[in-house]
Amino acid sequence: MADPKGFLTTGREVAETRPVGERVKDWNEVHVPGSLLPIISKQAGRCMDCGIPFCHNGCPLGNLIPEWNDYAYREDWTAASERLHATNNFPEFTGRLCPAPCESACVLGINQPAVTIKNVEVSIIDKAWDHGDVTPQPPERLSGKTVAVIGSGPAGLAAAQQLTRAGHTVAVFERADRIGGLLRYGIPEFKMEKSHINRRIEQMRAEGTKFRTETEIGKDIDAAKLRRRYDAVVIAAGATVSRDLPAPGRELNGVHFAMEYLPLANKVQEGDLTVSPITAEGKHVVVIGGGDTGADCVGTAHRQGALSVTQLEIMPRPGEDRNSNQPWPTFPMLYKVTSAHEETTYLAQKRAGLDPDEGPSCQNAGEEGRVYSVSTTHFEGDEDGNVQALHLVEVEFKDGKPAQKPGTERKIPAQLVTLAMGFTGTDQSNGLVQQFGLELDERGNVARDADYATNVDGVFVAGDAGRGQSLIVWAIAEGRSAARGVDRFLTGASALPAPIRPTDRSLTV
């Protein structure tokens with residue numbers, strides 16, 4: 001235990017964010033570069049090195065959190081990086097994007113603010129890159145076996161890296177023009193700059209992984225032919241079918257899925273486009289969906305120059321403290337203010353003629369622009385077929401189902417609407433499922449056994465395609481676990497780790 005009194009003497013500090021008025025004018029990450037290093041060693045010292053570290057269970061990767069906290073406290077960054085990479089292929093991704101279920105399970109979090117595990121993680125990996133501690137790890141010998149990985153999101157990349165290091169020849173197939181899946185085109189630049197993906201791809205190339213972009217299995221290459229060409233196949237195509245909103249007026253111009261809107265904004269940052277074909281500039285924007293994808297749409301709209309941004313959520317506003325039915329160490333549904341919500345408050349105050357730079361900080365704000373317990377009834381358009389307004393009604397839940405409250409109908413202006421209500425399953429329109437002859441489970445995901453194997457010999461599935469919509473940390477854990485199943489199939493045995501089983505779920509009551 002690095003500092004036996006650290007949790008008593010040191011309060012929780014998190015990463016400093018850049019001023020709102022500055023960051024909404026660019027697409028750089030919202031945090032101040034290097035701001036964590038002066039504080040992170042003391043923050044790591046808050047870890048109590050518990051006899052039973054529940055953070056291990058909160059994290060599906062089984063990250064060795066107390067160990068790398070100890071090394072970070074002592075500023076032994078090389079050892080901390082080694083412990084971090086022992087369970088996680090891409091800690092710079094999770095350290096920026098994961099909602100940190102490990103912190104919800106932190107023992108200190110029972111009666112104090114939890115250890116800033118996520119901030120410690122990203123500090124360690126950023127320091128490792130700066131020090132040159134992240135290097136290619138090519139296999140000592142090749143197995144002579146070949147593996148095709150379909151999809152280059154976190155699950156596909158994790159599986160590919162594990163199998164490459166095990167000595168197999170791996171090719172990753174991605175239907176987009178760049179590697180990364182939703183990491184590349186679903187996550188805005190201000191949440192994770194794509195340079196972090198690029199240098200991991202270069203590391204994997206140096207290890208021997210091959211990448212094939214603009215190749216959609218099922219359309220460009222028949223899935224059955226792919227299976228005959230490779231000794232094994234890993235399907236990591238994600239759950240990319242967006243949940244729709246079949247309300248009157250859905251067909252109007254200006255109503256888009258979030259995954260139609262966000263990738264175009266990222267393509268502007270990649271230099272492919274000068275201006276996004278779907279832009280919020282000069283428009284009243286409504287985002288339907290209160291999750292992380294919805295917040296990504298909010299932050300993107302701010303940077304494109306929206307007149308206003310309103311985010312709708314059908315569920316009631318969460319509380320700021322744990323409910324009794326969500327006890328520690330489960331992951332609670334709490335009210336949170338993301339960087340995008342801070343920006344909404346700041347810009348709303350500016351439009352009202354106030355000076356938020358002189359007034360209270362926006363850090364604990366975020367109420368402006370968010371409307372809870374409402375449902376969309378229909379969209380209203382103009383004579384040219386463009387959306388102009390959204391009609392909504394307040395709801396209350398009865399027997400677990402939303403019921404409209406009479407007399408609460410109203411409309412709000414909307415020239416751009418993004419649907420960010422989650423995903424319903426893997427894409428079946430390209431023929432991949434049918435050409436392989438895959439069986440689906442009752443939720444529409446690709447069915448698999450304990451080794452992540454499908455009903456087709458030699459074909460495995462990892463990530464959201466088999467689990468359904470989930471978190472990045474679960475995707476990486478699935479990729480690592482599926483790699484072990486593939487390795488056993490190819491060689492008869494495997495020394496690769498498998499942190500989770502296909503049936504494992506997050507801590508719930």
Side-chain angles (χ1 to χ4, degrees), residues 27-29 88-98 122 125-126 129 134 136 148-164 170-217 220 234-240 242 257-273 276 292-293 296-297 299-300 423 426-427 430 462-465 469-480 482-483:
W27 293 81
N28 300 330
E29 289 185 8
N88 188 350
N89 297 70
F90 314 117
E92 64 270 42
F93 301 166
T94 52
R96 286 173 168 83
L97 304 175
C98 182
V122 79
I125 184 55
D126 286 353
W129 280 106
V134 184
V149 176
I150 303 172
S152 66
L157 291 179
Q161 187 168 64
Q162 293 293 94
L163 290 166
T164 297
V170 180
V172 178
F173 293 86
E174 169 57 53
R175 62 182 176 181
D177 59 347
R178 289 181 177 87
I179 295 297
L182 291 185
L183 292 172
R184 173 75 65 179
Y185 287 129
I187 302 296
E189 193 85 358
F190 59 82
K191 282 185 68 175
M192 187 180 74
E193 295 173 8
K194 300 308 175 278
S195 58
H196 300 298
I197 303 175
N198 296 340
R199 60 187 180 185
R200 276 296 177 184
I201 298 306
E202 291 309 309
Q203 180 201 34
M204 293 178 66
R205 281 200 174 101
E207 292 171 348
T209 305
K210 310 297 182 184
F211 296 97
R212 306 283 186 266
T213 57
E214 298 183 285
T215 306
E216 185 168 8
I217 307 303
D220 301 314
V234 179
I235 299 171
T240 56
S242 299
F257 288 121
M259 286 305 138
E260 294 174 326
Y261 174 61
L262 294 173
L264 292 172
N266 279 355
K267 280 184 170 291
V268 173
Q269 302 311 307
E270 295 280 8
D272 297 341
L273 301 170
S276 173
D292 289 338
T293 302
D296 293 345
C297 292
T300 298
F423 304 89
T426 194
D427 187 3
N430 56 14
D464 290 2
Q469 178 186 344
S470 190
L471 304 177
I472 180 174
V473 69
W474 282 92
I476 296 173
E478 287 233 348
R480 290 171 65 87

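If you read the sequence from its start, that first residue is 1, and numbering goes on from there. Values below: all heavy atoms of this structure, side chains included; hydrogens, waters and symmetry mates excluded. Since we're looking at a predicted model, the values are computed, not measured.
For the atom pair CZ of R96 and CD1 of I472, the computed distance is 11.0 Å after rounding to the nearest 0.5 Å. Taking CD of Q161 as the reference point, atom CE of M204 lies at 5.0 Å (rounded to 0.5 Å). Rounding to the nearest 0.5 Å gives a distance of 9.5 Å between CZ of F93 and CG of N88. E29 contributes atom CD, which lies 7.0 Å from atom OG of S195 (distance to the nearest 0.5 angstrom). For the atom pair Q269 CD and F190 CZ, the distance stands at 10.0 Å (nearest 0.5 Å).
The number of heavy-atom neighbours closer than 6.0 Å to NZ of K194, taken from other residues, nucleotides and ligands shown, is above 12.
When each of V134, I179, L157 is paired with R200, the side chain to side chain contact (heavy atoms under 4.5 Å, CB included) condition holds for V134 and for no other.
Scored by the side-chain hydrogen bond (donor to acceptor under 3.5 Å, both in side chains) test, D272 finds R178 as partners (sequence neighbours excluded). Applying the side chain to side chain contact (heavy atoms under 4.5 Å, CB included) rule to A483 yields the partners Q162, L163, L496; only residues at least two apart in sequence or on another chain are considered. In this view, Q469 satisfies the side-chain hydrogen bond (donor to acceptor under 3.5 Å, both in side chains) rule with no residue, not counting sequence neighbours. Partners of R184 under the side-chain hydrogen bond (donor to acceptor under 3.5 Å, both in side chains) rule, at least two apart in sequence or in another chain, are N198, E270. Not a single ring pair (Phe, Tyr, Trp, His ring centres under 6.0 Å) links Y261 to another residue, sequence neighbours left out. Under the side-chain hydrogen bond (donor to acceptor under 3.5 Å, both in side chains) criterion, T300 pairs with no residue, sequence neighbours left out.
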Can you list the steps and then say if D464 with F423 is a side-chain contact (heavy atoms from CB on, under 4.5 Å)? CA-CA 10 Å; D464 290 2; F423 304 89; over 6 Å; no

T293 and L262: side-chain contact (heavy atoms from CB on, under 4.5 Å), yes or no, with the steps? CA-CA 9 Å; T293 302; L262 294 173; 4.1 Å; yes

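Considering all non-hydrogen atoms of both residues, F173 and A148 come closest at CE1-CB, 3.8 Å. Of all the heavy atoms in P188 and G186, the pair that sits closest is CD-O, 3.7 Å. Here the closest heavy-atom approach between residue G180 and residue I197 is recorded as CA-CG2, 4.5 Å. What you find for A237 and A465 is that their closest heavy atoms are N-CB, 4.2 Å. Listed here is the closest heavy atom pair of C297 and A258: SG-CB, 3.6 Å. Counting all heavy atoms, side chain and backbone alike, L264 lies closest to S276 at CB-OG, 3.4 Å.
Between the side chain of E478 and the backbone N or O of G463 there is at least one donor-acceptor pair closer than 3.5 Å. The backbone N or O of A239 lies less than 3.5 Å from no partner atom in the side chain of T426, so there is not a single donor-acceptor pair. Distance alone, capped at 3.5 Å, is enough to place a donor-acceptor pair between the E174 side chain and the A176 backbone. Judged by distance alone, the side chain of N266 and the main-chain N or O of I187 form a donor-acceptor pair under 3.5 Å.
A salt bridge between R212 and D220 is absent, with no side-chain N of the basic residue lying under 4.0 Å from a carboxylate O of the acidic one. Note on K267 versus D177: salt bridge recorded, some NZ/NE/NH1/NH2 to OD/OE distance being below 4.0 Å. Classification of E202 and R199 as a salt-bridged pair fails, no side-chain N sitting under 4.0 Å from a carboxylate O.
Residues V122 and H196 have side chains not in contact (no heavy-atom distance under 4.5 Å, counting atoms from C-beta outward). Put simply, the side chain of L183 reaches to within 4.5 Å of the side chain of L97, judged on heavy atoms.
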